[in-house]
Amino acid sequence: DVKVTQSSRYLVKRTGEKVFLECVQDMDHENMFWYRQDPGLGLRLIYFSYDVKMKEKGDIPEGYSVSREKKERFSLILESASTNQTSMYLCASSLYGTSLSSQYFGPGTRLTVT
Amino acid sequence: RKEVEQDPGPFNVPEGATVAFNCTYSNSASQSFFWYRQDCRKEPKLLMSVYSSGNEDGRFTAQLNRASQYISLLIRDSKLSDSATYLCVVKEHPNTDKLIFGTGTRLQVFP
């Protein structure tokens with residue numbers, strides 16, 4: 001089974017702090033994704049990466065950056081956390097380039113910014 | 001207009017009932033289609049892919065209507081354990097592995 005793990009299930013940070021969310025997958029997937037999920041808005045793509053050191057902006061990249069130094073690890077960085085970044089953050093991975101390739105999700109990190 | 005639209009529900013049905021969800025998508029060039037299931041406070045998990053000819057997996061049947069740009073999910077003989085949010089998911093372009101998620105339809109099965 002594919003396993004996607006995230007560094008924390010719950011996180012509380014203060015406004016202005018730099019926040020790192022880590023994601024690791026063990027299935028040698030090329031693609032990795034970061035989403036946030038908010039009530040009524042569904043899953044929104046922040047950034048994704050299809051290879052080491054490659055990244056592409058998703059629909060809501062403002063206020064976030066990412067890092068992919070190794071194939072299995074994809075980090076989401078909040079440079080200066082703000083209260084509107086309080087959300088559930090979900091990481092996912094998938095195989096590259098197959099039409100029926102579905103995404104496998106980690107358990108999520110519920111981030112609260114106070 | 002949203003790229004993928006679903007009725008948010010909730011759909012409240014008794015055990016044993018048959019329930020159907022529909023989903024519409026805006027991009028006629030969309031390539032692949034999926035249904036995901038998300039339990040409360042858990043991550044989404046793939047329920048089934050949706051094939052052009054329609055497909056069945058046990059009590060679950062998925063249909064695709066490209067002409068009308070909608071996807072459906074039918075659940076027969078509902079179980080209490082089917083209570084969850086069902087997400088309609090579309091892959092729009094052949095050159096990207098990005099997926100577009102609907103906001104989900106909540107199902108509550110009661111005894």
Side-chain angles (χ1 to χ4, degrees), chain A residues 1-6 8-10 21 23 25 27 29-51 54-61 74 87-111, chain B residues 1-10 21 23-27 29-53 55 57 62 64 66 71 84-106:
Chain A
D1 273 357
V2 176
K3 194 157 185 192
V4 181
T5 57
Q6 294 184 228
S8 306
R9 293 299 301 273
Y10 300 93
L21 302 182
C23 175
Q25 51 95 3
M27 283 301 291
H29 284 170
E30 294 86 358
N31 299 323
M32 296 189 75
F33 306 82
W34 274 107
Y35 296 88
R36 62 178 284 176
Q37 187 173 30
D38 301 287
L41 297 177
L43 279 153
R44 292 181 292 167
L45 181 64
I46 304 170
Y47 267 97
F48 68 102
S49 168
Y50 54 87
D51 200 355
M54 304 299 286
K55 61 184 178 185
E56 288 200 26
K57 292 180 180 179
D59 301 317
I60 51 162
F74 192 34
S87 186
M88 170 68 90
Y89 288 88
L90 288 155
C91 174
S93 72
S94 72
L95 284 169
Y96 176 78
T98 60
S99 62
L100 285 177
S101 174
S102 58
Q103 292 179 12
Y104 297 86
F105 284 85
T109 296
R110 190 167 291 278
L111 172 67
Chain B
R1 183 183 171 190
K2 289 183 183 176
E3 295 164 290
V4 178
E5 289 206 61
Q6 297 181 251
D7 181 344
F21 310 133
C23 160
T24 58
Y25 59 95
S26 60
N27 187 340
S30 295
Q31 296 289 308
S32 308
F33 309 89
F34 310 88
W35 283 101
Y36 275 68
R37 171 195 169 125
Q38 186 172 23
D39 292 301
C40 189
R41 297 187 172 275
K42 299 277 192 174
E43 73 272 23
K45 291 184 179 178
L46 178 68
L47 178 66
M48 58 197 301
S49 303
V50 185
Y51 301 120
S52 296
S53 55
N55 48 300
D57 183 1
L64 168 63
R66 283 192 183 272
I71 309 143
T85 296
Y86 291 84
L87 305 175
C88 176
V89 183
V90 173
K91 181 177 176 182
E92 290 195 323
H93 300 292
N95 296 329
T96 177
D97 292 321
K98 286 170 55 178
L99 298 178
I100 311 297
F101 288 79
T103 52
T105 298
R106 195 155 70 87

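Bear in mind that the values here come from a model prediction, so they are computed numbers and not experimental data. Naming convention: chains lettered A, B, ... in sequence-line order (proteins, then strands); numbering from 1 in each chain.
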Please classify the contact between [X] and chain A as side chain, backbone, both or neither, with a heavy-atom cut-off of under 4.5 Å.
X: B:P8; value: neither
X: B:I100; value: neither
X: B:L99; value: both
X: B:K45; value: neither

Open item on the list: Using side chain to side chain contact (heavy atoms under 4.5 Å, CB included), reason through B:R41 and A:M88 one step at a time and then give a plain yes or no.
Closed with: CA-CA 9 Å; B:R41 297 187 172 275; A:M88 170 68 90; 5.8 Å; no
- [ ] Under 4.5 Å, counting heavy-atom pairs only, tell me which of A:Q37, A:E30, A:R44, A:E56 racks up the most with chain B.
- [x]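 Looking at each of A:Q37, A:E30, A:R44, A:E56 in turn, A:Q37 comes out on top.
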Task: Partners passing ring pair (Phe, Tyr, Trp, His ring centres under 6.0 Å) against A:F33 (at least two apart in sequence or in another chain) - done: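 For A:F33 the ring pair (Phe, Tyr, Trp, His ring centres under 6.0 Å) partners, ignoring immediate neighbours, are A:F48.
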Open item on the list: Under the criterion side chain to side chain contact (heavy atoms under 4.5 Å, CB included), I'd like the reasoning laid out for A:L43 against B:V89: C-alpha separation, chi angles, the key distance, then a yes or no.
Closed with: CA-CA 10 Å; A:L43 279 153; B:V89 183; over 6 Å; no
Task: Heavy-atom closest pair, residues B:Y36 and A:S102 - done: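 Shortest heavy-atom contact: OH-CB, 3.4 Å.
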Task: Least distance between heavy atoms, A:G42 atom then B:T103 atom - done: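 That closest heavy-atom pairing would be N-CG2, 3.8 Å.
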Open item on the list: Does B:R106 have more than 12 heavy atoms from other residues, nucleotides or ligands lying within 6.0 Å of its CZ?
Closed with: no
Open item on the list: Once side chain to side chain donor-acceptor pair (under 3.5 Å) is applied, do any residues pair with A:Y35, and if so which ones, sequence neighbours excluded?
Closed with: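 Side chain to side chain donor-acceptor pair (under 3.5 Å) check on A:Y35 returns A:Q103.
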Open item on the list: If I take atom CG from residue A:D59 and atom NZ from residue B:K98, how far apart are they, to the nearest 0.5 angstrom?
Closed with: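 Separation between the atoms: 5.5 Å.
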